[in-house]
Amino acid sequence: MALTDSRCANRVVTGAALGASLGGAVGAVYGTYEAFRYKVPGMYKIRYIGKTTVSSAAIFGLFLGAGSLLQCGRSQGY
């Protein structure tokens with residue numbers, strides 16, 4: 001497959017890192033909004049925001065990394 005090429009591996013890692021960064025930012029904003037909207041009590045807000053941030057970062061990173069892998073294989077003619 002195309003993962004043996006170092007350029008392709010760099011694209012996949014960069015895509016996953018970019019997706020995780022974007023997902024973490026969106027998750028932090030959305031988690032903060034939801035925590036205040038549903039009136040999460042006290043220190044549970046921090047847990048809720050953190051959980052939303054990490055889960056959103058993982059999902060965005062996974063999908064952007066997978067998309068980068070698919071595009072990498074397509075651009076090399078496989």
Side-chain angles (χ1 to χ4, degrees):
M1 180 73 188
L3 260 183
T4 56
D5 187 14
S6 66
R7 286 185 303 151
C8 184
N10 286 339
R11 277 186 178 178
V12 172
V13 170
T14 302
L18 183 65
S21 302
L22 179 66
V26 169
V29 170
Y30 182 70
T32 303
Y33 170 73
E34 287 289 315
F36 284 105
R37 179 180 177 198
Y38 291 119
K39 296 180 177 72
V40 177
M43 291 300 287
Y44 287 117
K45 280 186 180 89
I46 303 299
R47 175 186 271 178
Y48 187 82
I49 294 168
K51 184 176 74 169
T52 307
T53 301
V54 170
S55 63
S56 180
I59 293 297
F60 272 64
L62 174 74
F63 283 118
L64 203 57
S68 297
L69 178 63
L70 292 174
Q71 287 294 331
C72 185
R74 182 179 297 166
S75 68
Q76 293 178 358
Y78 293 120

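Computed from a predicted model, the values in this text were never measured in an experiment. The first residue of the sequence shown is numbered 1, and numbering continues consecutively from there.
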Between the CG atom in Leu69 and the CZ atom in Arg11, the distance rounded to the nearest 0.5 Å is 11.0 Å
Do side-chain atoms of Thr52 reach the backbone of Gly27 as a donor and acceptor pair under 3.5 angstrom?
no
CD on Glu34 to NZ on Lys39, rounded to 0.5 Å:
12.0 Å
Here the gap from Arg37 atom CZ to Tyr30 atom OH, rounded to the nearest 0.5 Å, amounts to 7.5 Å
So which atom in Ser56 and which in Gly23 form the shortest heavy-atom distance, rounded to 0.1 Å?
OG-O, 2.9 Å
Out of curiosity, Ser68 OG to Asn10 CG, how far, rounded to the nearest 0.5 Å?
11.5 Å
Pairwise distance OH(Tyr33) to CD1(Ile49) - rounded to 0.5 angstrom:
13.5 Å
